[in-house]
Amino acid sequence: MNTSISITDLTKRYRRGGDRPALNGVSLTVDGGMTALLGANGAGKTTLMRICVGVLRPDGGRVVVGGHDLGTAAGRRAVKRILGYLPQELSMYDDLTGREFLDYIALLKGVDDKRVRRDQIEQMLELTGLSEHAGRRLGGYSGGMKRRLGIAQALLAEPELIVVDEPTAGLDPSERMRFRSLLAGLGGARRTVVLSTHILDDAAQTCPNTIVLHQGRVAYQGSTAGLAAVAEGRTYLLPPGAQAPPEAVVVNAAAEVEGTRYRVISARPPIGGTLMTPTLEDGYAALLQLGEPSPTGPRP
Ligand SMILES: Nc1ncnc2c1ncn2[C@@H]1O[C@H](COP(=O)(O)OP(=O)(O)OP(=O)(O)O)[C@@H](O)[C@H]1O
């Protein structure tokens, strides 16, 4: 059975967090498979994930993970046993080798049997493409290798729930693609994976479901295709030189020899505009009303 997460009316305000609470009445359900967690900087993603993995306590509301209530000590202990967590910043000891680091984490996770531990570690090194680097000290690892080791440690002890916070931030395109295919392989039927990211392409490629947080509230919860469809019938590509209606929002501007070609979200069809199938980026922009004002619209 899948480990679902059920969140009801969650609130969290940091003591030095300014006027707005970090989470303001968040209610949602996460089922098995992969779910993307999207939102601008400061939307509340990390706060929500830290509460769901039991390292931060909310001010109010309830979180139940796989039937375990995180409001109780027994619930938190139970969730720890089924959880793999990759935080935004994972402390690693530069003097340890990759294999030693995983051994240390596996011990912390309670994998006491030496042979079981060794088998799991070699399996994770293989899965993350780190076997040949396992004897090297972490001080010599690249950012991408550290991120992959981060996933390897999260996967130790066969977690049913995996929570990863912005795993591809700062990676070069080839490492990102590698990491993305690694993530895509995780969300099988028996697992629940929550992936927080700013990279919409990562969500589009790997996650069937998406949650969007906006200023501490849920702005969208549903299928990733459904989020793209928010801009359905409103996404147009304009030929170079064409005017966008003043109320249109520009989601992309491509400089071409003949002039700039705008991609816009517009309720009214622009003259000469071609109606496009919206991407996730279009849907996200339409949902949160992001983008630049139309070049023909009023300037702020
Ligand atoms: N330790 C803290 N003390 C005070 N305020 C905090 C703290 N951590 C987060 N905040 C504030 O809470 C809000 C939500 O932050 P959070 O880190 O959860 O957002 P986020 O969506 O993960 O952002 P990012 O994408 O930049 O990582 C922000 O306004 C942030 O400034």
Side-chain angles (χ1 to χ4, degrees), residues 5-30 34-63 65 70-71 76 79 83-92 143-144 146-147 150-151 154 161-172 175-176 179-180 183 192-207 209-222 224 227 230 251 280-281 283-291:
I5 307 175
S6 163
I7 298 170
T8 318
D9 206 17
L10 205 61
T11 55
K12 175 71 189 176
R13 184 187 286 276
Y14 291 99
R15 227 171 333 138
R16 287 188 203 84
D19 294 341
R20 196 164 34 80
L23 296 178
N24 190 1
V26 167
S27 295
L28 44 85
T29 308
V30 179
M34 291 198 62
T35 297
L37 182 57
L38 306 178
N41 289 124
K45 304 179 298 295
T46 297
T47 303
L48 179 63
M49 286 192 292
R50 295 188 73 217
I51 291 172
C52 287
V53 302
V55 299
L56 184 68
R57 303 294 289 274
D59 296 334
R62 188 158 183 249
V63 181
V65 178
L70 280 178
R76 286 191 293 280
V79 170
L83 173 74
Y85 178 39
L86 174 58
Q88 239 171 53
E89 303 287 339
L90 177 65
S91 307
M92 290 184 184
K146 282 188 175 169
R147 282 276 152 190
I151 269 291
L161 170 66
I162 299 169
V163 177
V164 278
D165 198 350
E166 288 188 37
T168 57
L171 297 187
D172 69 33
E175 269 293 0
R176 228 183 75 213
F179 201 89
R180 203 156 66 187
L183 285 178
T192 300
V193 181
V194 181
L195 161 70
S196 157
T197 181
H198 284 292
I199 300 167
L200 297 182
D201 217 26
D202 285 355
Q205 301 288 337
T206 52
C207 299
N209 294 305
T210 292
I211 294 161
V212 180
L213 286 186
H214 182 59
Q215 300 186 344
R217 294 178 184 271
V218 178
Y220 178 85
Q221 177 183 197
T224 307
L227 177 54
V230 170
V251 286
L280 186 59
E281 191 173 57
Y284 182 79
L287 177 80
L288 299 183
Q289 302 187 323
L290 305 175

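Read the numbers this way: they start at 1 and go in the same order the structure lists the ligands and their atoms. Heads up: numbering here begins at 1 and tracks the sequence.
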- [ ] Using side chain to side chain contact (heavy atoms under 4.5 Å, CB included) as the criterion, list what pairs up with Ala22, not counting sequence neighbours.
- [x] Tyr14, Thr47
- [ ] May I ask you to list the atoms of ligand 1 that are less than 4.0 angstrom from any heavy atom of Glu166?
- [x] 24 (P), 25 (O), 27 (O)
- [ ] Examine ligand 1 and decide if any of its atoms is less than 4.0 Å from a heavy atom belonging to Gly44.
- [x] yes
- [ ] Have a look at ligand 1 and work out which part of Ser196, if any, has a heavy atom under 4.0 Å from it: side chain, backbone, both or neither.
- [x] neither
Open item on the list: One thing to verify: whether Asp202 and Arg176 come together as a salt bridge, which I'm taking to mean a side-chain N less than 4.0 angstrom from a carboxylate O.
Closed with: yes
TODO: Evaluate the criterion side chain to side chain contact (heavy atoms under 4.5 Å, CB included) for residue pair Thr35 and Leu195; output intermediate values, then yes/no.
DONE: CA-CA 6 Å; Thr35 297; Leu195 161 70; over 6 Å; no
TODO: Determine whether any heavy atom of His198 lies closer than 4.0 Å to an atom of ligand 1.
DONE: yes
Open item on the list: Other residues, nucleotides and ligands only: do more than 12 of their heavy atoms fall within 6.0 Å of CD on Glu281?
Closed with: no
TODO: Give the C-alpha distance, both sets of side-chain angles, the deciding distance and a yes or no for side chain to side chain contact (heavy atoms under 4.5 Å, CB included) between Leu86 and Arg147.
DONE: CA-CA 9 Å; Leu86 174 58; Arg147 282 276 152 190; 4.2 Å; yes
Open item on the list: Please determine whether side chain to side chain contact (heavy atoms under 4.5 Å, CB included) holds for the pair Lys12 and Leu56, giving the CA-CA distance in whole Å, both sets of side-chain angles, and the decisive distance to 0.1 Å.
Closed with: CA-CA 10 Å; Lys12 175 71 189 176; Leu56 184 68; 4.2 Å; yes
Task: Sub-4.0 Å atoms of ligand 1 with respect to non-hydrogen atoms of Ala22 - done: 12 (O), 13 (C), 14 (C)
TODO: Answer with yes or no whether Met49 contacts ligand 1, where contact means a heavy atom under 4.0 Å from a ligand atom.
DONE: no
Open item on the list: Taking 4.0 angstrom as the limit and counting only heavy atoms of Lys45, give me the atoms of ligand 1 inside it, by number and element.
Closed with: 18 (O), 19 (O), 20 (P), 21 (O), 22 (O), 23 (O), 24 (P), 25 (O)
Open item on the list: Considering both backbone and side-chain atoms of Gln88, is one of its nitrogen or oxygen atoms within less than 3.5 Å of a nitrogen or oxygen in ligand 1?
Closed with: yes
Open item on the list: So is Ala40 touching ligand 1 or not, going by heavy atoms under 4.0 Å?
Closed with: yes
Open item on the list: If you measure every N or O of Gly42 against every N or O of ligand 1, does any of those distances drop under 3.5 Å?
Closed with: yes
Open item on the list: One pair to check against side chain to side chain contact (heavy atoms under 4.5 Å, CB included): Thr29 and Gln221. What are the steps and the verdict?
Closed with: CA-CA 9 Å; Thr29 308; Gln221 177 183 197; 4.3 Å; yes
